[in-house]
Amino acid sequence: MDKPVRVRYAPSPTGFPHVGNIRTALFNWLFARHTGGKFIVRIEDTDTARTVPGSLEAIIGSLRWLGLDWDEGPEVGGPYGPYMQSQRLPIYQKLAEQLIAAGFAYRCFCTSERLDNMRAAQTAAKLPLGYDRHCRDLSTDERNKLEASGAPSIIRFKTPLTGRTVFQDMLRGEVAFENSGIDDYVLLKTDGFPVYHLANVIDDHLMEISHVLRAEEWLSSTPKHVMLYAALKFEAPQFAHMPLILGPDRSKLSKRHGAATLTEYRDQGYLQETMLNFLALLGWSLDDKNEIFNRQQLIDIFSLERVSRTAGIFNKDKLDWLNGMYIRTLPVEDLTDRLLPFMEKDLPAEIKRPLDINYVRQLVPLIRERIITLKDAAAYADFFFLDQLEYDSAKLIGKKMTEETTLKALKGAENKLSSLASFNTASLEDTLRHLADDLGIKTGELFNPLRVATTARDAAPPLFETMAVLGKERCLKRIIAALTKLAGN
RNA sequence: GGCCCCAUCGUCUAGUGGCCUAGGACACUGGCCCUUCACGCCGGCGACUCGGGUUCGAAUCCCGAUGGGGUCACCA
C-alpha cells in the first residue's frame with residue numbers, strides 16, 4: 001500500500017546553511033535511514049540573481065561533516081537526475097505550457113512597474129496584497145496582440161476563485177485554506193526559470209518523493225502545491241511541516257542572529273557528534289530521560305511521531321554543555337588529533353610549529369574538562385608552550401602572604417625541586433607538601449604562587465600534573481623568573 | 001491587517017483523562033569534593049496563558065479570548 005520511502009533535502013544555494021536548515025536535512029536523513037528509504041539531495045538553484053558563490057560547497061560540506069550521506073544527488077548522481085534544477089529547465093517549461101493548454105495557467109504581461117504600483121495602492125487602501133488578475137481574463141485578441149508584440153511575459157497559476165483546499169499534515173492533521181485567499185502566483189519567470197512552487201512540485205513528483213518534510217514556513221504555501229499536483233494530475237506526497245527554530249528574539253532564525261551557520265560552529269570548535277546530537281534535539285525528543293545519542297542510536301529511535309509542533313529557541317548554553325560532554329568522553333588520542341589543528345592555528349606566532357604531538361597528548365588530559373570548544377584550547381594551554389610568561393608580579397603574592405613570605409616559598413621550592421631526582425606528579429606532591437610544612441605555611445600558600453610562577457594564571461589545571469608535564473627544567477626556569485620579578489619590585 | 005500554525009519552569013522538553021502535591025535537561029543558585037579553576041556528586045529556585053464548558057475526575061477533550069510565530073515577491 002505504501003510507496004517506498006524517498007525523501008529529499010532541497011536547499012537553494014542562496015546562502016550558507018544555518019542550523020535550522022541542516023536540522024531539516026537531518027530529520028529527512030534520519031527518516032530515510034530509519035525506514036530503509038532513500039535520501040536525495042536536490043539543489044534548487046532557480047534564483048540566479050540571489051545565488052551566493054560558495055554556498056553550494058558550504059551545503060555539501062555541512063552535510064558531509066555531519067555524515068549525512070545521500071543516495072542520489074550532486075556528486076553521486078542517480079537515476080532521477082539531473083539533481084540541479086538549473087539543468088532541468090525544459091521540463092518545467094514544457095509542463096507550464098501544458099498547464100496553460102489545460103486551462104490551469106495563463107500568460108501574464110504585466111510589467112514589474114505596474115505590479116509595484118498595484119501593491120502600493122493596495123497597501124495604501126489597506127487591502128489584502130495580491131495580483132489583481134489583470135491578465136487572467138484577457139480576450140483572445142488582446143492576448144494574441146501582446147504575444148505577437150514580443151512583450152516579456154510570465155506564467156501564472158489560475159487559482160480557483162472559490163472552494164477550499166484541504167490536505168493532511170502528518171504532524172498537524174487536517175489543514176484547510178480558502179482558495180479565495182490564494183494568489184494567482186507565478187509559475188515561470190520572464191527568464192524562463194521556474195519559481196519554487198512549480199519546480200519543487202514537478203521534481204518531487206518526477207523523483208518519486210514519498211514524504212515532504214520541510215520547515216513550517218512552507219505550510220501556508222502547501223495549498224498552492226496541492227492544487228498544482230492536482231492540475232498536473234500528479235499524486236501528492238505526504239506532508240509534514242517541522243517546527244521552526246527561533247532566535248533569542250523569538251523570530252525565525254536567520255543570519256542576523258549571529259553565528260548561525262553550521263560551518264561556523266565547526267570552525268568555532270564544536271564537534272560533529274555534538275552538532276548531530278544537538279540538532280536532533282531541536283524539535284524532536286525521545287522521552288524524559290535520554291538525550292545523549294550517537295548517530296546509530298538516532299537512526300534507530302527517530303520517528304516523525306515524536307517531532308514537536310512547537311517552534312523552539314536555539315539554546316546556545318545547552319550546546320556548550322553538550323560539546324563539553326562530548327569533549328570529555330573522547331579518547332585522549334582522538335581529542336588530541338582534533339585539537340591539534342586548532343592549536344596550530346591559534347597559539348601565539350612565536351611558538352614553534354609544528355607542535356610536538358606527544359607533548360600535546362600529555363597536556364590534553366589536563367585541559368579536557370576545562371574547555372567547552374576545541375578553539376578554547378589555545379587560549380587555555382598557551383603557557384605550556386611559551387618561553388616567557390607575562391604576568392603582574394603582584395599576582396604571585398597570595399592573600400595572606402607578603403612579598404617576603406612569597407619569596408621564601410618560591411626560593412624553597414626552587415631549592416627542593418632542583419635536587420629532585422624524579423620529577424613526576426607523586427614526587428612533586430610529596431616534596432611540595434613537606435616543603436609547606438617545613439616553611440610553616442599552608443599548602444595553598446605555597447601552591448598558589450607556584451601556580452602563578454609556572455602558568456602565569458591563578459586558574460589552571462592541577463599543579464603537580466601541570467608541573468610534571470612542563471618538566472623540571474621549564475619549571476625551575478619559571479620559578480627563577482618569578483623570583484627575579486619579585487626582586488625587581 | 002488577511003490567512004495559517006502553535007501554546008507546560010528563563011530555555012528545550014516528558015506528559016495523550018485518574019500514575020501529576022507535573023518528571024528530566026540546560027541556565028541560575030546553596031553545599032560537598034579540593035592547592036586554584038574545572039569536572040563530578042548532593043540540594044534549591046522555577047511552569048500547565050486566561051475564561052468557559054464536557055466529566056465522578058482535566059496539563060491532557062471541546063469552545064472562546066489572549067499571546068507568540070509563520071506567510072502574503074518574476075526569493076526559496
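None of these values were measured; they are calculated from a predicted model. Here is how names work: the chains are called A, B, and so on, in the same order as the sequence lines, proteins then strands, and each is numbered from 1.
Atom name P, nucleotides B:U21 and B:C41: the rounded distance is 29 Å, in whole Å. Taking atom P on both nucleotides, B:A38 is separated from B:G46 by 26 Å, rounded to a whole Å. Only the C1' atoms considered, B:C48 is 25 Å distant from B:G70, to the nearest whole Å. Taking the C1' atoms as reference points, B:G43 lies 38 Å from B:G51, given to the whole Å. One C1' atom belongs to B:U8, the other to B:C20, and the distance between them is 12 Å to the nearest Å. A gap of 16 Å separates the C1' atoms of B:U60 and B:U13, to the nearest Å. If you take atom P in B:U71 and the same atom in B:G17, they sit 34 Å apart, rounded to whole Å.
The phosphate of B:G40 has OP1 or OP2 within less than 4.0 Å of a side-chain N or O from A:Arg328. Note on A:Arg306: a side-chain N or O is less than 4.0 Å away from OP1 or OP2 of B:G15.
Looking at A:Arg107, its side chain never comes within 3.5 Å of a backbone N or O of A:Ile155 through a donor-acceptor pair.
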Subject >> Residue pair A:Asn200, A:Tyr196: steps toward the side chain to side chain donor-acceptor pair (under 3.5 Å) verdict >> reply: CA-CA 6 Å; A:Asn200 190 266; A:Tyr196 172 86; 3.2 Å; yes
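For A:Asn315, whose side chain is taken as the heavy atoms from C-beta onward, the closest listed nucleotide among B:C26, B:C6, B:C37 is B:C26.
The existence of a salt bridge linking A:Arg88 and A:Asp45 is excluded, since no basic side-chain nitrogen approaches an acidic carboxylate oxygen closer than 4.0 Å. Of the charged side-chain nitrogens involved, none lies within less than 4.0 Å of a carboxylate oxygen, so that A:Arg433 and A:Asp437 do not count as a salt-bridged pair. Under 4.0 Å is where a charged nitrogen must lie from a carboxylate oxygen, and between A:Arg119 and A:Asp116 at least one such pair does. Residues A:Arg156 and A:Asp184 are not paired through a salt bridge, judged by the lack of any N-O separation under 4.0 Å between the basic side chain and the carboxylate. Between A:Arg338 and A:Glu273 there is a salt bridge, with a side-chain nitrogen of the basic residue lying less than 4.0 Å from a carboxylate oxygen of the acidic one.
A:Pro243 comes within contact range of no nucleotide atom at all, as no heavy-atom separation falls under 4.0 Å. Backbone-only contact: A:Asn448 has heavy atoms under 4.0 Å from sugar-phosphate atoms and none from a base. Base contact: A:Phe464 has a heavy atom under 4.0 Å from a base atom. Within the nucleic acid shown, A:Ala215 has no heavy atom closer than 4.0 Å to any nucleic acid atom. Among the atoms of the strands shown, base atoms are found under 4.0 Å from some heavy atom of A:Tyr380.
If A:Lys318 and A:Val175 are placed on RNA chain B by their nearest nucleotide, the residue sitting closer to the 5' end is A:Val175. Annotation: of the two residues near RNA chain B, A:Glu369 and A:Leu463, the 5′-most nearest-nucleotide partner is A:Leu463.
Applying the 3.5 Å distance criterion, the base of B:C5 shares no donor-acceptor pair with the side chain of A:Arg172.
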Subject >> Base-contact (B) and sugar-phosphate-only (S) positions in nucleotides 63-76 of chain B, heavy-atom cut-off under 4.0 Å, - elsewhere >> reply: -----SBSSSBBSB
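Both the sub-6.0 Å distance and the 45° axial angle are not jointly satisfied by A:Lys375 relative to the ring of A:Phe342.
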